[in-house]
Amino acid sequence: MKGESILKIVKSFILIVLICSLLLGGVFAEERDYFPRGEETYNDEKYDNIIDILLYRMRVEHFNVASLLIFFLAIIHTMMTSKFQQKAHEEEIRYNTFKELKQVDKESKSIKAEIYHLLGEIEVVFGLWAIVLGLAVAFFYDWHTFTSYLDGLHYSEPLFIIVIMSIASSRPILQFFEKIMFFFVKLFGETLEAWWLTILVLGSLLGSFITEPAAMTICAFLLSEKVFSINPSEKLKYATLGLLFVNVSIGGALTNFASPPILMVVEPWGWTSNYVFINFGVKAVFAILISTGLYFIFLRSEFKSMGEQYSAYRFKKYIQKKFISQKTLEENFDELALLVSENTHFHSELDAYSLILKERIKEIAKKKLSMSEVAELDIYNAIDEKYDNIKLREFQRVIPGLLADDQKPQFYDPQWDLREDEVPRWITLVHLGFLIWTILNIHSPVLFMGGFLFFLGFFQVTSFYQNRLDLKPALLVAFFIAGIIIHGKLQAWWISPILANIPEFGINITAIGLTAFNDNAALTYLGTLVPDFSESLKYSLVTGALSGGGLTIIANSPNPVGISILKKYFDNGVSALGLFKYALLPTIIATVIFMVFK
């Protein structure tokens, strides 16, 4: 009931904004050359207290209140996505009863359930609320103001996410990094625990060299195959996810180009990779080792209970690989299908009965039509044309293997991505080249998008050695990041004064808290706008942004990448509270290490 009440409030708010925007859009518009309002235009130097500054900014710019309200409603929506998924599941069950009663078409889907699924997709939340934001801007100003604002934003990061996710999730790249990690796993006996530790430690640190989104993609896919696929407990799943998010967030701090919050400050503050490694990287490695070690001890009983299950999984894979050849079996089944068809005359019998069915239809047509219509119209040809088309489609559906080669439908193998044959080395090297090109040109969308187009062409040429290219997860994550960018810049009016008016330790804790509600890269970017920021305050801000990057899905831009890959293992989606709970301890450990060894 509580969730439904919140939903009603949200619906009412959207409706009010929509009506007001349509009826009064532009009525209260102010003539100005800037949007959003810049920090220097508030002239609030006379206020020393943060509360007074924020209240003053609300009074002189009423839109600030609306943008903040919409932003926090979007955050509340992200916390309710599991509720929407649950409602979608309930609606699907109800709709299936209608199918059983033949009250609806058996191929149809519940539109209501699909709407709930859409609202439950966490990646679309901020994009949906960007529509509401646009209506609010139209109400306070005009529609042109909103479109100009969108045109002035930079979308390099969402575009980069699409490219890096697609390349990093390709079969050659996954196989390459799996082999690297397997080298270390073998040293510890090829156990489940060894895979878990290697992925969460070594995989997270890879982010410093191949960027955090790429590392998150590789780690999430490997965890999906090695850990999540053998049905671990909810405790192990959430602990792994929370630890993964925090480790990746701080694991990119060994260089100055891989971690989004560090990348935002490198140029304004003149930080080199050597500076970043000394001040952040070494401590990040220390924090990852301690957090992962503590969680390993904490989850020891979980791993022990899964030991027998993992051994059975490994043995099954060994037997399947040693004694079953997919290519040989496919050839055997093709021969078997033809042999059975010849011995039983199945295909010819089916043809004969289908011919009888067609003749019956023609007899019915002759009875329904007059003699003159039968004589004048070519009814037999009309029936033959449509009947033969339907017959071919049904034969393709029912007995595709018995048809002639030119009539067989294209087979979509649902297990294609699970095959185990090796990728040729030269294809892997080309893929690594595309990955490196994308990373080197991270600041140039024209170059990395151009490279991506060549990658797609190469992918098609070598499709036999590739997994299927699924752009949906990458596009959804990019949509999520773009939504955060649209909303995030409008929150500078309250975040900047907070950063500029709190002490060193306070700024670290505040940065962790704010990161949970806003992208950590956006937070450090706002820090670069604060004048006279001392080195100690810069350090506190960035370490807070790094440490808090795993608390929520919106805290760090690679997090939605991990969610998109692993969410299928969580009933009704990933719980925001569950993620926060298990990401809290690694966050505290990272915070303490960054502050103690400052």
Would you call Asn559 and Met216 a side-chain contact if the rule is heavy atoms closer than 4.5 Å? yes
Just verifying a value: how many Å separate Ile593 CD1 and Ser291 OG, rounded to the nearest 0.5 Å? 6.5 Å
Approximate separation, where rounding is to 0.5 Å, of Ile199 CD1 and Leu222 CG: 5.0 Å
Could you list the donor-acceptor pairs under 3.5 angstrom formed by side chains in residues 436-459, with sequence neighbours left out?
| unit_1 | atom_1 | unit_2 | atom_2 | d |
| --- | --- | --- | --- | --- |
| Trp437 | NE1 | Leu447 | O | 3.0 |
| Thr438 | OG1 | Phe434 | O | 2.8 |
| Asn441 | ND2 | Trp437 | O | 2.8 |

Of the non-hydrogen atoms in Ile485 and His154, which two are nearest, and what is the gap between them? CD1-O, 3.8 Å
Taking every heavy atom of Gly127 against every heavy atom of Phe479, the minimum-distance pair comes out as CA-CZ, 3.5 Å
Hey, is the main chain of Asn508 close enough, under 3.5 Å, to the side chain of Ser540 for a donor-acceptor pair? no
For residues 539-567, which residue pairs pass the ring pair (Phe, Tyr, Trp, His ring centres under 6.0 Å) check, not counting sequence neighbours? Phe280-Tyr539
Just checking Phe126 against Phe480, ring centres under 6.0 Å apart? yes
If I compare all heavy atoms of Trp143 with all of Gly134, which pair ends up nearest, and what's the gap? CZ3-O, 3.6 Å
Indicate every side-chain donor-acceptor pair of residues 202-213 with a distance under 3.5 Å to a residue at least two apart or in another chain.
| unit_1 | atom_1 | unit_2 | atom_2 | d |
| --- | --- | --- | --- | --- |
| Ser204 | OG | Leu200 | O | 2.6 |
| Ser208 | OG | Gly251 | O | 2.5 |
| Ser208 | OG | Leu254 | N | 3.0 |
| Glu212 | OE1 | Asn556 | ND2 | 3.2 |
| Glu212 | OE2 | Gly252 | N | 3.4 |
| Glu212 | OE2 | Ser259 | OG | 3.3 |

Of all pairs that satisfy ring pair (Phe, Tyr, Trp, His ring centres under 6.0 Å), the ones with a partner from residues 241-270, not counting sequence neighbours: Trp269-Trp271
Checking side-chain polar atoms at under 3.5 Å, does His431 have a donor or acceptor matched by the opposite partner on Gln466? yes
If we ignore hydrogens and angles and just use 3.5 Å, is the side chain of Ser249 paired with the main-chain N or O of Gly550 as donor and acceptor? no
Distance-only side-chain donor-acceptor flag, Asn256 / Ser273, under 3.5 Å: yes
Ring pair (Phe, Tyr, Trp, His ring centres under 6.0 Å) between Phe84 and His77, intermediate numbers included: CA-CA 9 Å; Phe84 285 118; His77 186 168; 5.3 Å; yes
Is there a side-chain contact (heavy atoms from CB on, under 4.5 Å) between Phe286 and Ile589? Walk through the geometry before answering. CA-CA 10 Å; Phe286 193 30; Ile589 291 171; over 6 Å; no
Mark yes or no for whether Gln491, through its side chain, and His487, through its backbone, hold a donor-acceptor pair below 3.5 Å. yes
Test ring pair (Phe, Tyr, Trp, His ring centres under 6.0 Å) on Phe146 and Tyr141; report intermediate values, then the result. CA-CA 8 Å; Phe146 182 61; Tyr141 308 103; over 10 Å; no
Any donor-acceptor N/O pair, Ser564 side chain to Val561 backbone, under 3.5 Å: yes
Are the charged groups of Arg171 and Glu422 less than 4.0 angstrom apart, N to O? no
Taking C-beta and beyond as the side chain, do Tyr155 and Leu150 meet within less than 4.5 Å on heavy atoms? yes
Mark yes or no for whether Thr41, through its side chain, and Gly38, through its backbone, hold a donor-acceptor pair below 3.5 Å. yes
Who are the side-chain contact (heavy atoms from CB on, under 4.5 Å) partners of Pro268, not counting sequence neighbours? Thr528
Would Thr145 and Asp142 count as having a side-chain donor-acceptor pair, cut-off 3.5 Å? yes
Is it true that the NZ or CZ of Lys237 lies under 6.0 Å from the centre of Phe570's six-membered ring and within 45 degrees of the ring axis? yes
Please determine, by modelled atom types, if Asn247 and Thr292 share a side-chain donor-acceptor pair under 3.5 angstrom. yes
Can you see which heavy atom on Leu526 is nearest to which on Ala492, and at what distance? CD2-CB, 3.4 Å
Considering non-hydrogen atoms only, spot the tightest contact between Ala545 and Thr515 and give its length. CA-OG1, 3.6 Å
Ignoring hydrogens and angles, state whether a donor on the side chain of Ser557 or Asp519 is under 3.5 Å from an acceptor on the partner side chain. no
Centroid-centroid under 6.0 Å between Phe63 and Phe139 rings: no
The side chain to side chain contact (heavy atoms under 4.5 Å, CB included) partner of Thr217 among Ile164, Ile565, Ile167 is Ile565
So how far is it from Phe176 CZ to Ile218 CD1, rounded to the nearest 0.5 Å? 9.5 Å
Could you pull out the closest heavy-atom pair between Ala88 and Tyr116, with the gap in Å? CB-CB, 3.6 Å
Examine distances only and state if a side-chain atom of Thr462 and a backbone atom of Tyr465 form a donor-acceptor pair shorter than 3.5 Å. no
Is it the case that atom CD in Glu114 sees more than 12 heavy atoms from other parts of the structure closer than 6.0 Å? yes
Residue Glu535 excluded, over 12 heavy atoms near CD under 6.0 Å: yes
Can you list the residues that meet the side-chain contact (heavy atoms from CB on, under 4.5 Å) rule with Lys568, with sequence neighbours excluded? Ser224
